[in-house]
Amino acid sequence: MSKPVETPHPPLHTFQIESLAVRVYPSQEQLARDAALAARNQLQEAIAKNGVATIILAAAPSQTQTLASLVALEGIDWSKVVMFHMDEYLGIDAEHPASFRRFLREHVQEKIRARSFHCLDGASSEPLDECERYSQLLAAQPIDLCLLGIGENGHLAFNDPPVADFADRHRVKLVKLEDACRRQQVGEGHFPSIDAVPQYAFTLTIPALCAARRMLCVVPERRKAASVRDALRGPFSKNCPASVLRRQPHCTLYLDADSAALI
């Protein structure tokens, strides 16, 4: 892999919605590069201060280019980075083509040598116990960085509108997926039909995601334009879970010209 250019590219626009900083780039490539540089800076600062950095990663096609840029950057001591992921389907193993564990293994874990990668076990026969196990792992240290996206229905991780809770007392929970979310998984090519998409999944809750010291929300592509508009310009409501980002001063939203088309 060739070394990526490390000079930040100036965004087309920058603005703020309530507490949320928004940066709009001409292309997905430029968005991904700058988000990766910001992620590297946060990891470097955490390692310099505490000797270790902890990151939560999203697993989705919209994140692929940013993750590729991040693992290609020099200057990150991955042996001092602890990784988590934010969601996983219930009832599939780590080799399933749609497994988020597999996605992150192929796009991140196999390319670097992290200190550890804590995975949600989608094949667990005791899903409530798995929620508790993962919650305890998350609680064991502060989270330095959460690198996330926004779903087509406005979800964060698998916090779809029917189950999103801005004041959830849990860190991890088992949720039923909204049909709109399941259709997105088919549209992205993960499953052949909606009937093949699991109905239930594990997810980190919205408070667990927002508890990270720094949040970078990476949202390219025209198919996300409506959810971006609703998150930024619509009501502050669980009907668009991503609207919670407007109240997160430690979050930056990265858009490209396509995903910003409706704002």
Student: Considering only NZ, NE, NH1 and NH2 on the basic side and carboxylate oxygens on the acidic side, decide whether Glu106 and Arg102 come within less than 4.0 Å.
Tutor: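 Looking at Glu106 and Arg102, the cut-off is met.
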Student: Side-chain donor-acceptor pairs under 3.5 Å in residues 58-65, sequence neighbours left out?
Tutor:
residue : atom : partner : partner atom : Å
Gln63   : NE2  : Val218  : O            : 3.0
Thr64   : OG1  : Pro61   : O            : 3.2

Student: Main chain of Thr205, side chain of Thr203: is a donor-acceptor contact present, judged purely on distance under 3.5 Å?
Tutor: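 No; judged by distance alone, with no hydrogens or angles, the pair does not exist.
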Student: Supply the members, apart from Ile92, of the Ile/Leu/Val/Met/Phe/Trp/Tyr cluster built from side-chain contacts under 4.5 Å; use none for a lone residue.
Tutor: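 In the cluster with Ile92 are Tyr89, Phe100, Phe158, Val163, Val175, Leu177, Val186, Phe191, Ile194, Val197.
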Student: List the atom of Arg213, the atom of Asn50, and the distance in Å for their closest heavy-atom pair.
Tutor: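 Taking Arg213 first and Asn50 second, the nearest heavy atoms are NH1-ND2, 3.4 Å.
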Student: Which atoms form the tightest heavy-atom contact between Val244 and Ile206, and what is the distance?
Tutor: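 Minimum heavy-atom contact is CG1-CG2, 3.9 Å.
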Student: Could you check if a side-chain atom of Phe166 sits within less than 4.5 angstrom of a side-chain atom of Ser243, using non-hydrogen atoms only?
Tutor: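 Result yes, sub-4.5 Å side-chain heavy-atom pair found.
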Student: Does a donor on one side chain sit under 3.5 Å from an acceptor on the other, for Asp256 and Ser259?
Tutor: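 The criterion, which ignores hydrogens and geometry beyond distance, is satisfied for Ser259 and Asp256.
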Student: To the nearest 0.5 Å, how far apart are OG1 in Thr66 and CG in Leu70?
Tutor: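 CG of Leu70 is found 8.5 Å from OG1 of Thr66.
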Student: Is it the case that the side chain of Ser99 and the backbone of Glu95 share a donor-acceptor pair, with hydrogens and angles ignored and the cut-off at 3.5 Å?
Tutor: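 No; judged by distance alone, with no hydrogens or angles, the pair does not exist.
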Student: Quick check for you: to the nearest 0.5 Å, what is the distance between Asp93 atom CG and Glu88 atom CD?
Tutor: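 That separation rounds to 9.5 Å.
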Student: Do Leu12 and Val219 share a hydrophobic cluster (ILVMFWY, side-chain heavy atoms under 4.5 Å, transitive)?
Tutor: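 In one cluster with Leu12: Val219, no.
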Student: Specify the closest pair of heavy atoms between Leu20 and Cys251, including all atoms of both residues, with the distance to one decimal.
Tutor: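 Closest approach of Leu20 to Cys251, heavy atoms only: CD1-O, 3.5 Å.
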Student: Can Thr252 and Arg214 be said to form a side-chain hydrogen bond (donor to acceptor under 3.5 Å, both in side chains), step by step?
Tutor: CA-CA 8 Å; Thr252 301; Arg214 187 86 170 88; 3.0 Å; yes
Student: Name the atoms and distances for all side-chain donor-acceptor pairs under 3.5 Å in residues 113-128, with sequence neighbours left out.
Tutor:
residue : atom : partner : partner atom : Å
Arg115  : NE   : Ser79   : O            : 3.4
Asp121  : OD1  : Arg101  : NH1          : 3.4
Asp121  : OD1  : Ala123  : N            : 3.0
Ser124  : OG   : Glu126  : N            : 3.1
Ser124  : OG   : Glu126  : O            : 3.2

Student: Looking at Asp144, is its backbone amide N or carbonyl O close enough to the side chain of Gln42 to form a donor-acceptor pair, meaning the two atoms are under 3.5 Å apart?
Tutor: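 Side chain of Gln42 to backbone of Asp144, a donor-acceptor pair under 3.5 Å: yes, one is there.
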Student: Does a side chain donor of either Tyr254 or Asp34 reach within less than 3.5 Å of an acceptor in the other side chain?
Tutor: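 No, Asp34 and Tyr254 have no side-chain donor paired with an acceptor closer than 3.5 Å.
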Student: What residues form a salt bridge (charged side-chain N to carboxylate O under 4.0 Å, His left out) with Arg40, not counting sequence neighbours?
Tutor: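 Glu6.
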Student: Tell me the closest heavy-atom pair linking Ala164 and Pro241, and the distance in Å.
Tutor: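 What the structure gives for the nearest pair is CB-CG, 3.7 Å.
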Student: When you measure from the centre of the six-membered ring of Phe236, is the NZ or CZ of Arg247 under 6.0 Å away and within 45° of the axis?
Tutor: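 So Arg247 does make the cation-pi contact.
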Student: Closest approach of Glu132 and Gln136, non-hydrogen atoms and distance?
Tutor: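 Smallest interatomic distance, heavy atoms only, reads OE2-NE2, 2.8 Å.
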Student: Give me the one residue out of Asp87, Asp165, Asp168 that meets salt bridge (charged side-chain N to carboxylate O under 4.0 Å, His left out) with Lys173.
Tutor: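 Testing Lys173 for a salt bridge (charged side-chain N to carboxylate O under 4.0 Å, His left out) against Asp87, Asp165, Asp168 leaves exactly one candidate, Asp168.
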Student: Does one hydrophobic cluster hold both Ile56 and Phe202, with members joined at side-chain heavy-atom distances below 4.5 Å?
Tutor: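 Both belong to a single hydrophobic cluster.
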Student: Are Ile17 and Tyr25 connected, step by step, through hydrophobic side chains (Ile, Leu, Val, Met, Phe, Trp, Tyr) whose heavy atoms are closer than 4.5 Å?
Tutor: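 Unlinked, Ile17 and Tyr25 end up in two clusters.
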Student: If you measure from CZ on Arg23 to CZ on Phe15, what distance do you get to the nearest 0.5 Å?
Tutor: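 That separation rounds to 11.5 Å.
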Student: Report yes if the side chains of His85 and Tyr134 come closer than 4.5 Å at any heavy-atom pair, otherwise no.
Tutor: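 They are in side-chain contact.
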Student: Side chains of Glu178 and Asn153: donor-acceptor distance under 3.5 Å anywhere?
Tutor: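 Judged by distance alone, the side chains do pair up.
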Student: Hey, what do you get for CG (Leu204) to NE2 (His170), rounding to the nearest 0.5 Å?
Tutor: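 NE2 of His170 is found 13.0 Å from CG of Leu204.
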Student: So, taking the atom named CG in Leu147 and the one named CG in Leu67, what distance separates them when rounded to the nearest 0.5 Å?
Tutor: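 One gets 6.0 Å once the value is rounded to the nearest 0.5 Å.
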Student: With no hydrogens and no angle check, is any side-chain donor or acceptor of Gln184 less than 3.5 Å from a backbone partner on Ala180?
Tutor: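 Such a contact is absent between Gln184 side chain and Ala180 backbone.
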Student: Could you walk me through whether Asp77 and Val81 satisfy the side chain to side chain contact (heavy atoms under 4.5 Å, CB included) test, starting with their C-alpha distance in whole Å, then the side-chain angles of each, then the deciding distance to 0.1 Å, before giving a yes or no?
Tutor: CA-CA 7 Å; Asp77 185 350; Val81 177; over 6 Å; no
Student: Could you give all pairs that pass the salt bridge (Lys or Arg N to Asp or Glu O under 4.0 Å) test and reach residues 145-155, with sequence neighbours left out?
Tutor: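 Qualifying pairs, neighbours excluded: Glu152-Arg223.
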Student: Under the side chain to side chain contact (heavy atoms under 4.5 Å, CB included) rule, what do Val52 and Val82 come out as? Steps first, then yes or no, please.
Tutor: CA-CA 7 Å; Val52 65; Val82 176; 4.0 Å; yes
Student: Show me the pairs that pass ring pair (Phe, Tyr, Trp, His ring centres under 6.0 Å) and involve residues 212-231, at least two apart or across chains.
Tutor: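 Residue pairs passing ring pair (Phe, Tyr, Trp, His ring centres under 6.0 Å), neighbours aside: none found.
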Student: Please report the C-alpha distance between Leu156 and Leu148 in whole Å, then the side-chain angles of each, then the deciding distance to 0.1 Å, and finally whether the side chain to side chain contact (heavy atoms under 4.5 Å, CB included) criterion is met.
Tutor: CA-CA 8 Å; Leu156 301 178; Leu148 72 163; 4.0 Å; yes
Student: Do Leu174 and Phe84 sit in one hydrophobic cluster, given that two such residues count as connected whenever their side-chain heavy atoms are within less than 4.5 Å of each other, even indirectly?
Tutor: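 Result: yes, single cluster for both.
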Student: Restricting to non-hydrogen atoms, name the atom on Ile150 and the atom on Cys217 that form the minimum distance, rounded to 0.1 Å.
Tutor: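 Minimum heavy-atom contact is CG1-SG, 3.6 Å.
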Student: Under the criterion side chain to side chain contact (heavy atoms under 4.5 Å, CB included), I'd like the reasoning laid out for Val108 against Leu57: C-alpha separation, chi angles, the key distance, then a yes or no.
Tutor: CA-CA 10 Å; Val108 180; Leu57 295 171; 4.3 Å; yes
Student: For atom NZ of Lys238, decide whether the heavy atoms of other residues, nucleotides or ligands shown that lie under 6.0 angstrom number more than 12.
Tutor: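 Yes, NZ of Lys238 has more than 12 neighbouring heavy atoms, counting only those of other groups under 6.0 Å.
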Student: I'd like to know if the side chain of Ser237 and the backbone of Cys240 have a donor-acceptor N/O pair within less than 3.5 Å.
Tutor: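 No, Ser237 side chain to Cys240 backbone: no donor-acceptor pair under 3.5 Å.
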Student: Can you check whether Lys224's main-chain N or O pairs, donor with acceptor, with Ser227's side chain at less than 3.5 Å?
Tutor: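 Judged by distance alone, yes, a pair lies under 3.5 Å.
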Student: Does some side-chain heavy atom of Val228 sit less than 4.5 Å from a side-chain heavy atom of Leu262?
Tutor: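 Of all side-chain heavy-atom pairs linking Val228 with Leu262, none is under 4.5 Å.
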Student: State the OG1-CD1 distance between Thr54 and Ile143, to the nearest 0.5 angstrom.
Tutor: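 Spacing of OG1 (Thr54) from CD1 (Ile143) equals 5.0 Å.
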Student: Taking the side chain as everything from C-beta on, heavy atoms only, tell me whether Cys131 gets closer than 4.5 Å to Arg171.
Tutor: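 No, side chains not in contact.
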Student: Does Leu31 share a hydrophobic cluster with Leu232, counting links as ILVMFWY side-chain heavy atoms below 4.5 Å and allowing steps through other members?
Tutor: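 In one cluster with Leu31: Leu232, no.
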